[in-house]
Undergrad: 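Quick one: this structure, given as structure tokens, is what I'll be asking you about.
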Amino acid sequence: MILAVAGGKGGVGKSTVALNLGARLDAVVVDADLAMADLAARRGPDLHDVLAGRADPLEAVREEGAIRLLPCGRTLAGARAGDVTALVTAVEAVEAAYDRVVIDCPAGMAADAGMPLLAADAAVLVAAPQEFALADALRTRELARELDAGLAAVALNRTGESPPTAEVRRALGAPVVAIPDDERVRRAQRHGSPVAELAPESRPAGRFEKLAEETRLAVTTPSSVP
Amino acid sequence: MVELDSRVETRDGVALVELVVRNPTDTARRFRVGNLLDGPLWPPRSRGVPEAGWDDGGFEGVVPAEERRALGYASPLSGGARSDSLPEPPAEIVWTERAGETEAGNDASFAAEATPEGVVRSLGDHRPPADAVPTPRSGDTVSTPESGRSEPDPRRSP
């Protein structure tokens, strides 16, 4: 199963959702944010090397951290040198070896945002609770649909009291899981860990589990994925 | 049937081929144009990938009824080849067939073609502009963790 964590807008917490969802699903998280990598990694080959044909996708997967991660390089030169069309076969190779892959997609609507959706079986959209942020989520949903990645679930990220879950569900037409704003999520993220590692009983940890459940459900019953 | 007009111009050792495919019939026709030059075919590219319809040997596409379609490609002359010894014509119509009614003349949308190249063609290049990438200072080297050797980092090449 290849799952793309997408959402047209930057800064809504795609990397956080990808990392926590990847941990819950026991998946390899691929940081596909080619120009603005977000998931920290130590030295070794990364996705830039894979896309430039200098490394095998499997040797770029790190297993030593809290989650299995295929990190991305952080140089602009690396972002320019790689061939983004190679992403699909790279991700499929990781899926063949590890079975489950979660791709952290870049913001925007350029080719680097479309390619993970082309590779993916389903998408999880990350949206901010503000109304204006929904437009980006809608555009990304359309793109995902055109590229045959059905919408599995929506993560409404960093919500406060009474999140607009019902409205978002109406607008996007998929199960919505609200994830409360919580300092512990950010703290865990800074250490490259899911919040469940730092605070297993916390509310956000429970919500990420719920998101993973919704995703599993949508992917195993393909009829619910449009 | 479909007709082909061609013209070749050489510049700096590269043959530039201009083609016009005409369809005088009253139905849209799908066609294939094959390259007859010796050198490899350099298709037109946008955003780093060949335009839709091009492959190593030529182009496949649809020309609408009573319309024309202009095409162009380049091919490097093999060593010593002279521009006046090029095959004439430089390309030929390999086959044509009646096109489906829904097929338009232009097939650049990835709805019809969900491939990595189609995604790049439809959505555009994401890469940072070349000008934004720092150029290497002379003598810049990095060591690769696998080999322990010191070698110029290819990522820093312009």
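Everything quoted here is computed from the prediction, not taken from an experiment.
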Undergrad: Write down the atom of V119(B), the atom of L147(A), and the distance for their closest heavy-atom approach.
TA: CG2-CD2, 3.8 Å
Undergrad: By side chain to side chain donor-acceptor pair (under 3.5 Å), which residues pair with R186(A), not counting sequence neighbours?
TA: D181(A), E183(A)
Undergrad: Taking non-hydrogen atoms and a cut-off under 4.5 angstrom, which of residues 83-94 of chain A neighbour chain B?
TA: V84(A), T85(A), V88(A)
Undergrad: So, R80(A) side chain and R127(B) main chain: donor-acceptor pair closer than 3.5 Å or not?
TA: no
Undergrad: Looking at CG of L123(B) and CG of L143(A), how far apart are the two atoms once the value is rounded to the nearest 0.5 Å?
TA: 5.5 Å
Undergrad: Any chance you could measure M115(A), atom CE, to E117(B), atom CD, to the nearest 0.5 Å?
TA: 7.5 Å
Undergrad: The criterion is side chain to side chain donor-acceptor pair (under 3.5 Å); which residues satisfy it with N35(B), sequence neighbours excluded?
TA: Y73(B)
Undergrad: What part of A52(A) is in contact with chain B, defined as an atom under 4.5 angstrom from a non-hydrogen atom: side chain, backbone, both or neither?
TA: neither
Undergrad: Please list, chain by chain and in numerical order, all residues satisfying side chain to side chain donor-acceptor pair (under 3.5 Å) with S75(B), sequence neighbours excluded.
TA: none
Undergrad: Evaluate whether atom CZ of R68(B) has more than 12 neighbouring non-hydrogen atoms of other residues, nucleotides or ligands under 6.0 angstrom away.
TA: no
